[in-house]
Amino acid sequence: MLSFSSLTFLFKICRRIQFSDLRRAPFVALQLEKRSELAIWVSNFRTLSMGNDAGSPQGPVTCGSWIRRPENLNLVVLGRSRRGSSCPSLLEIFSFDPKTTSLSTSPLTTYVLEAEEGDPVAITVHPSGDDFVCALSNGSCKLFELYGRETNMKLLAKELAPLQGIGPQKCISFSVDGSKFAAGGMDGHLRIMEWPSMRVILDEPRAHNSVQDMDFSLDSEFLASTSTDGSARIWKTEDGVPLNTLSRNSDEKIELCRFSKDGTKPFLFCSVQKGDTSVTAVYDISTWNKIGHKRLIRKSASVMSISNDGKYLSLGSKDGDICVVEVKKMQIYHYSKRLHLGTNIASLEFCPGERVVLTTSVEWGALVTKLTVPKDWKEWQIYLVLLGLFLASAVAFYIFFENSDSFWNFPMGKDQPARPRFKPVLKDPQSYDDQNIWGPVDM
Amino acid sequence: MAGGQLGVLNALDVAKTQWYHFTAIVIAGMGFFTDAYDLFCISLVTKLLGRLYYTDIRNPKPGVLPPNVQAAVTGVALCGTLAGQLFFGWLGDKLGRKRVYGLTLMLMVLCSIASGLSFGDTPKGVMATLCFFRFWLGFGIGGDYPLSATIMSEYANKKTRGSFIAAVFAMQGFGIMAGGIVALIVSSAYDHKYDLPSYKDNPAGSKVDSLDYVWRIILMFGAVPAALTYYWRMKMPETARYTALVAKNAKQAASDMSKVLQVEVEAEEDKLQHMVESENQKYGLFSKEFAKRHGLHLVGTTVTWFLLDIAFYSQNLFQKDIFTAIGWIPPAQDMNAIHEVYRIARAQTLIALCSTVPGYWFTVAFIDIIGRFAIQLMGFFFMTVFMFALAIPYNHWKNHNNIGFVVMYSFTFFFSNFGPNATTFVVPAEIFPARLRSTCHGISAAAGKAGAIVGAFGFLYAAQSTNPNKVDHGYPTGIGVKNSLIVLGVINFFGMVFTLLVPESKGKSLEELSGENEDDGAEAIEMAGSARTVPV
């Protein structure tokens with residue numbers, strides 16, 4: 001009761017001093033107890049004062065994504081929608097510091113969208129990390145290219161003619177090998193194109209009632225797409241032919257889908273709403289049969305993601321929870337309750353090289369969360385094990401070497417001085433037989 | 001760079017067979033090429049090592065390695081291979097395969113170079129150092145071999161995967177041949193530089209100290225293909241394949257996943273069917289059901305691989321001793337040290353060029369036409385025939401017609417490679433149920449390695465003459481080359497017999513062969529029986 005009152009009190013204070021300022025910058029959140037949550041509130045309260053002085057408030061974050069750059073550098077791109085007439089729509093690039101698990105306090109570069117372009121709806125980054133595509137609310141998609149180093153980064157915008165005026169796109173995605181691009185519209189129109197030539201592979205106006213989610217398979221051979229009416233379809237990306245419709249019971253609605261990224265596990269993971277319960281179903285992509293299902297997240301899932309090495313699957317809920325599951329055992333290894341308090345999580349993505357996830361929501365902006373999962377073997381640890389084995393065998397070998405003279409030596413060693421008793425015998429050719437008799441004796 | 005790398009995989013699949021795929025074959029095959037070079041080049045230099053470090057000029061024969069040292073130098077890499085397979089198999093689960101692959105190749109590069117170095121110049125110091133680094137070279141090869149097999153299947157074009165894998169495997173033959181060519185070049189160069197008398201004419205003058213470089217150069221050259229493999233391999237992208245589909249392990253993967261999920265509740269009839277199927281497929285490796293269905297198959301694949309490698313490795317490692325015994329290579333005292341290396345390299349390269357390499361490519365061409373069973377049976381049969389044809393009239397070949405001996409001997413190698421050497425690798429990957437396939441293949445491969453060790457160490461002693469006067473120094477008397485060849489002939493015959501236990505997998509789906517689609521056990525047995533009666 002007391003805690004609840006305190007939270008209410010803080011909430012009112014924040015309201016009074018332009019509560020929305022809290023969202024202007026991303027901040028770190030770790031797995032929190034209730035008391036820690038209170039501490040974070042206070043910390044943010046102090047930050048707000050500086051925030052007010054820094055400049056005008058900005059629009060809410062609508063989408064975000066990681067960008068993998070050379071030399072193990074990871075960036076984050078965030079899309080912000082407009083707020084009023086003084087805060088235009090933005091695309092911002094932040095750098096990520098793995099040591100502190102935080103984003104930079106100010107963006108490396110910013111791109112301001114024109115008023116008629118609308119707001120960013122979805123972002124997908126090409127696997128090369130050099131460019132990304134942003135779907136806008138005015139019904140077009142725009143290509144952005146990243147130039148320069150971290151200190152002088154620039155964004156260059158380009159028009160994509162085949163993607164102009166196609167209507168709002170709910171999902172856009174690049175294939176794993178970067179050779180294909182897919183866009184799923186809110187009107188149910190599904191497109192697959194070659195990248196970067198933009199040759200049309202599939203152009204299906206009535207693929208779905210309305211596209212809800214989609215994903216390319218690890219080998220870029222299949223595209224899975226789901227609809228708001230609960231159906232899910234599989235497409236062959238080589239020629240755009242529909243391959244299959246996933247089987248489901250009448251009370252099931254398939255909402256989200258992600259292909260496995262572990263080559264030894266050829267599965268498709270789907271978030272399925274069964275009545276009031278949300279479960280994760282697993283389909284075998286060699287037969288497209290359902291293997292089984294498991295309940296992982298307590299509320300309805302709003303977003304799903306899988307790590308680059310395929311070890312972990314993550315779900316974000318409509319109440320702001322996230323959970324991270326180990327794929328091999330389908331066990332929950334990390335659960336953050338109310339990471340985005342009471343708000344639908346819009347984006348959820350694993351960092352390419354670290355056990356960190358980026359989450360965004362309209363209310364709370366972008367958060368970077370370090371996951372409490374078992375640490376992976378580091379490369380230097382492997383080298384250490386191997387070096388240890390090498391040195392251990394060297395020691396064992398040396399001991400053997402020192403204690404086994406008879407093993408290495410010829411019966412009469414190369415440097416062994418001639419024995420006097422043999423000299424007279426050698427003069428007689430017929431004595432070779434005698435010498436052979438001596439040989440075994442020496443052994 | 002990243003975009004270019006990612007484009008490789010797309011191009012490999014979409015395009016018809018073209019330059020991409022031959023490049024992929026070379027890159028994937030370099031692993032096998034390197035393995036074969038490193039494992040077999042030691043046989044080219046053991047005679048030279050004996051001459052350089054163990055010669056007593058008072059003896060009418062030049063020196064040879066003592067039996068312990070000969071066995072250790074020749075076989076220690078095989079022991080390392082066994083250890084490496086276990087270690088890197090464990091490591092591959094911890095890290096991605098690409099990292100492990102880089103690690104094995106770096107180990108091979110370093111240990112190839114180190115093999116040519118030594119602590120001190122005493123025989124003891126040189127041989128001990130050589131054995132130590134040969135062990136670790138084998139360790140790296142043990143890690144490289146299964147990874148090469150996996151990676152090549154991942155980068156294969158989807159449409160022509162079968163012949164691609166066989167072609168990559170055939171790179172082994174080129175590796176063996178490369179070893180001979182390098183030895184020929186080095187020994188020819190030294191022969192031109194030094195004009196040395198034969199041992200018989202001048203024991204002390206038949207070798208010079210700088211000949212020490214010959215064996216070191218040959219061994220250290222093994223680092224070159226390993227380094228090239230490393231360079232090309234690292235330019236390939238991370239694996240982006242469902243290897244479970246490639247390796248046809250999707251059912252096992254699905255089975256593992258179903259254990260951690262709630263399985264769907266099914267209708268009554270479906271449920272009954274499901275229960276029957278589950279019982280049919282849930283037997284383990286050490287169950288009666290496995291023994292009934294696949295026990296003989298496992299015995300067949302294991303024993304045939306074991307028996308093959310006894311013959312294959314003993315002959316590859318000790319060709320030179322046989323050639324000397326029948327006079328194709330002159331007695332050691334009639335040559336100087338460098339002549340001996342040259343003659344051995346020439347003989348082995350000729351055998352590889354005319355028999356081993358063509359045998360591999362015949363298998364590539366015919367394995368899906370004739371079928372694995374027929375190739376293996378025919379291979380063992382002709383190996384048996386030619387072994388006995390060599391052994392029984394051995395004295396005739398030796399005294400009158402050593403060229404005839406060499407021709408017959410070449411056919412033995414031809415039919416080992418157009419025969420069991422390739423099929424013993426392919427068949428265990430096809431005939432067992434998915435859940436146990438990798439385990440059974442591993443058991444068969446381990447038996448093969450055991451056979452290699454038996455061949456490497458056993459033939460060395462067995463082939464010694466029964467006459468004490470003709471035995472090399474330090475060796476006990478053996479049963480002679482003639483009887484050793486008879487023993488190998490008998491071994492090949494038993495290989496042929498045990499081949500009858502292995503079913504034909506050509507043209508059958510894996511589910512049919514392993515009985516995973518069968519509800520009735522009796523039908524599976526009947527099918528296995530019918531597979532065994534394929535006419536020769």
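Within every chain, numbering begins at 1; the chains are lettered A, B, ... in the order of the sequence lines, protein sequences first and strands thereafter.
Using a 4.5 Å cut-off between heavy atoms, Val279(A) does not touch chain B at all. Both the backbone and the side chain of Ala394(A) come within contact range of chain B, with heavy atoms under 4.5 Å apart. Interface residue Phe139(B): only side-chain heavy atoms are found under 4.5 Å from chain A.
Take Arg69(A) and apply the salt bridge (charged side-chain N to carboxylate O under 4.0 Å, His left out) test, not counting sequence neighbours, and it matches Asp130(A). Here Phe119(B) pairs with nothing under the ring pair (Phe, Tyr, Trp, His ring centres under 6.0 Å) rule; sequence neighbours left out.
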Is there a ring-ring contact (aromatic ring centres under 6.0 Å, His included) between Phe390(A) and Phe132(B) once you walk through the steps? CA-CA 10 Å; Phe390(A) 192 88; Phe132(B) 178 74; 5.3 Å; yes

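A heavy-atom distance below 4.5 Å is found between the side chains of Trp136(B) and Ser393(A).
The candidate from Lys328(A), Lys294(A), Arg68(A) with the greatest count of non-hydrogen atom pairs under 4.5 Å with chain B is Lys294(A).
Other residues, nucleotides and ligands contribute only 12 or fewer heavy atoms inside 6.0 Å of the CG atom of Asn72(A).
Between Phe401(A) and Ala128(B), the shortest heavy-atom distance links the atoms CD1-CB, 3.2 Å.
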